[in-house]
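What you see below is based on every heavy atom in this structure, not just the backbone, and it leaves out hydrogens, waters and symmetry mates. Residue indices begin at 1 and follow the sequence shown.
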Amino acid sequence: MLPAGTGRAMSVSRCALPTALALAALVVLAAPAVAQPKLGAPPPPRLDEPLLVPPVQPSPAPVRGPEDSLGRGTPRSAVRGMFEAARAGDWTKAAEFLDLRRVPASRRARDGPEIARELQAVLNRTLWVDLDDLSDDPQGNTDDGLPANVDRLGSLDTRDGVVDVKLARVPREDGQSIWKVSADTVRQVPALHEELGLPSFAAQLPPVLLETRLLDIALWQWAGLGAVLLLAAASGWMISIVLRRVVLAVAGSARGPAARVLAATTGPIWFSLALLVFENGVPVLGLPVRAQQVVTALLRMLWVVAGTWVALGIAEAIAQRIVRRLTERGQLSATALVPMGRRMARFVILAIGGLFALHSFGVNVTALVAGLGVGGLAVALAAQKTLENLFGGITVIADAPVRVGDLCRFGDRIGTVEEIGLRSTRVRTLERTVVAVPNAEFSSLQLENFTRRDRFLLHARLGLRYGTSSDQMRAILAGIARILDEDSRVHPDPARVRMAGFGASSLEVEIFAYVRTTDGNEFVRVREELLLQIMDVVQAAGSAFAVPGLPAVKDERTERRSGDGVQ
């Protein structure tokens with residue numbers, strides 16, 4: 001017997017077999033149609049055959065100029081060769097790079113080297129040539145707007161306008177085209193040299209001074225730089241001395257404000273005058289254009305240093321003048337603000353000078369300032385409390401509600417101000433402790449300055465016993481008023497003594513007067529003397545001071561007993 005389920009599996013197999021055979025037939029029939037190649041198409045490659053890679057087309061060879069022993073096939077190589085010959089002092093070879101066809105043949109051998117020398121002198125002084133900017137194509141630069149076979153080496157500013165130094169592609173003796181300095185430029189070289197070349201006295205110098213070069217600067221120019229520098233230093237010193245004497249003569253005092261400012265700025269003024277003389281003396285030397293650019297950049301930097309130095313001197317003179325004025329007025333506490341202001345002024349001046357120095361070297365100062373602005377905002381937000389206390393201290397010093405050494409009440413405490421700092425104010429209390437109060441909080445408190453009062457208040461209430469008669473009361477009031485009027489230390493207005501009323505256990509007498517003194521110890525002594533005299537007046541009138549707590553109405557025995565106790 002077949003196992004269970006075997007019959008069902010056989011029936012499924014019989015059904016699936018025709019379906020599989022039908023699919024296989026369709027694949028066989030479709031395969032020829034897919035694999036059949038198109039008419040005229042190459043047969044597919046066999047797997048055992050190597051693949052054919054199309055050959056790489058060679059890049060076109062660079063265009064080369066004509067073979068030339070001096071390298072005049074392109075504008076770049078021609079100018080390079082001319083500069084190398086000039087640097088070596090071979091002016092005959094340098095003349096080979098000039099188009100001398102307009103120069104008579106009989107004079108070319110003599111005038112050619114001289115024209116090459118003059119052209120090199122003009123270019124060294126007025127034009128910086130970057131060889132990388134010149135064309136390395138035998139055809140030259142075709143996009144410069146000039147005629148074909150003409151390139152521009154550079155432009156010179158003359159009194160008659162702008163003159164272009166040009167290169168031209170000219171035929172050689174064998175018919176090949178090479179690059180030379182154009183005939184038009186060669187024709188203008190003598191006039192250009194007369195205007196832009198070396199000074200006339202340089203031609204009288206020995207050849208060793210003219211031909212010996214260090215860093216592309218002739219030896220005589222190095223010597224001239226040293227001479228101009230010494231002349232500038234001596235001239236600046238002499239002019240500053242004369243200027244000082246003139247200022248002192250006009251000011252009339254060696255201790256006046258103008259003299260103090262001049263004393264604080266003597267060094268930077270001398271430096272500035274020396275720079276001025278040096279700047280006007282350097283052009284006489286006819287330095288090469290590259291060296292002239294370096295000297296110009298250095299002079300811009302030195303002018304920034306001179307201006308910063310002058311500004312620092314003026315700020316120092318102003319700070320000293322402010323200190324003297326505050327000292328003369330007795331505002332000693334305000335002088336604490338001057339050092340802080342001096343430091344801030346120096347920081348600002350140095351920061352501005354640094355920005356100008358960076359600008360003189362081509363740094364983008366605008367982007368730098370923008371970055372510093374964002375950073376400064378972040379620092380300001382982080383240091384908000386510190387800045388708040390700083391400005392609070394400035395407010396206390398400037399407004400001066402209290403000064404160092406003043407006795408004052410701040411909030412609910414009393415003390416003497418010992419120091420007003422950048423962050424906090426230190427006060428020594430009556431308990432001899434030191435309290436540091438942040439300036440922002442201290443400036444917002446209600447401050448009562450005891451040191452600045454012009455007089456002390458004497459205010460007292462006397463309690464006389466109820467056994468005092470009206471006549472005795474009048475005698476007591478008159479006697480106390482006489483004491484206040486006759487004492488010169490008591491201000492007469494107001495100086496009053498009045499009966500104030502009937503108290504629970506005494507007759508009230510009020511004394512109100514001012515003592516003419518600003519010294520607390522003196523006031524205490526005067527008050528003591530006045531109170532003792534008032535006690536004498538009360539006793540002389542036959543009255544006495546009431547004892548607190550005793551009843552106002554008593555019988556005879558109690559009166560006698562209490563009176564004996566008071567006595």
Nearest-0.5 Å distance, [atom1] of residue [X] to [atom2] of residue [Y]:
| X | Y | atom1 | atom2 | value |
| --- | --- | --- | --- | --- |
| Asn449 | Asp406 | CG | CG | 4.5 Å |
| Met473 | Ser470 | CE | OG | 9.0 Å |
| Arg426 | Glu418 | CZ | CD | 9.5 Å |
| Ser488 | Arg516 | OG | CZ | 7.5 Å |
| His491 | Asp454 | NE2 | CG | 8.0 Å |
| Arg496 | Leu484 | CZ | CG | 11.5 Å |

Short question: side chain of [X], backbone of [Y] - any donor-acceptor pair under 3.5 Å?
| X | Y | answer |
| --- | --- | --- |
| Thr468 | Arg465 | yes |
| Ser506 | Gly503 | no |
| Arg409 | Arg413 | no |
| Asp485 | Pro492 | no |
| Trp270 | Ala233 | yes |
| Asp487 | Arg489 | yes |
| Glu522 | Asp519 | no |
| Thr451 | Leu407 | yes |
| Ser443 | Asn439 | yes |
| Gln472 | Ala541 | yes |

What closest approach, in Å, do [X] and [Y] show between heavy atoms, and which atom pair accounts for it?
| X | Y | result |
| --- | --- | --- |
| Thr518 | Arg453 | CG2-O, 3.2 Å |
| Leu462 | Ile480 | CD1-CD1, 3.9 Å |
| Ile483 | Ile534 | CD1-N, 4.1 Å |
| Cys408 | Val402 | CB-CG1, 3.8 Å |
| Leu302 | Phe271 | O-CE2, 3.6 Å |
| Met499 | Leu507 | CE-CD2, 4.1 Å |

Subject >> For Ser155, all residues meeting side-chain contact (heavy atoms from CB on, under 4.5 Å), sequence neighbours excluded >> reply: Arg152, Val162, Asp164
I'd like to check [X] versus [Y] (side-chain heavy atoms, cut-off strictly below 4.5 Å). Are they in contact?
| X | Y | value |
| --- | --- | --- |
| Ile476 | Leu464 | yes |
| Val509 | Leu477 | yes |
| Met238 | Ser235 | no |
| Thr425 | Glu419 | no |
| Ser272 | Val310 | yes |
| Gln446 | Phe410 | no |
| Leu192 | Leu156 | yes |
| Leu457 | Val515 | no |

Original post:
Under the side-chain contact (heavy atoms from CB on, under 4.5 Å) criterion, do Val304 and Arg300 qualify, and how do the steps go?
Top reply: CA-CA 6 Å; Val304 172; Arg300 285 200 300 266; 5.8 Å; no
**OP:** Before giving the answer on side-chain contact (heavy atoms from CB on, under 4.5 Å), spell out for Trp303 and Leu276 the whole-Å C-alpha distance, their side-chain angles and the decisive distance to 0.1 Å.
**Re:** CA-CA 9 Å; Trp303 275 117; Leu276 185 63; 4.2 Å; yes
**OP:** Salt-bridge test for Arg525 and Glu528: reply yes if a basic N is under 4.0 Å from a carboxylate O, no otherwise.
**Re:** no
**OP:** May I ask you to decide whether Arg498 forms a salt bridge with Glu510, counting only side-chain N to carboxylate O separations under 4.0 Å?
**Re:** no
Original post:
Looking only at side chains, do Thr429 and Glu431 share a donor and an acceptor under 3.5 Å apart?
Top reply: yes
Original post:
What class does the angle between the rings of Phe456 and Phe523 fall in, given that below 30° is parallel, 30 to 60° is tilted and above 60° is perpendicular?
Top reply: parallel
**OP:** Determine, step by step, whether Trp237 and Leu273 satisfy the side-chain contact (heavy atoms from CB on, under 4.5 Å) criterion, reporting the C-alpha distance in whole Å, the side-chain angles of both residues, the deciding distance to 0.1 Å, and the verdict.
**Re:** CA-CA 8 Å; Trp237 178 70; Leu273 293 173; over 6 Å; no
Subject >> Verdict with reasoning, Leu458 to Leu530, per side-chain contact (heavy atoms from CB on, under 4.5 Å) >> reply: CA-CA 10 Å; Leu458 175 60; Leu530 292 175; 3.5 Å; yes
Original post:
Quick one: ring pair (Phe, Tyr, Trp, His ring centres under 6.0 Å) pairs with a partner in residues 494-521, sequence neighbours left out?
Top reply: His459-Phe512, Phe512-Tyr514
Original post:
Which residue pairs pass the salt bridge (charged side-chain N to carboxylate O under 4.0 Å, His left out) test with at least one member in residues 472-481, sequence neighbours excluded?
Top reply: Asp471-Arg474
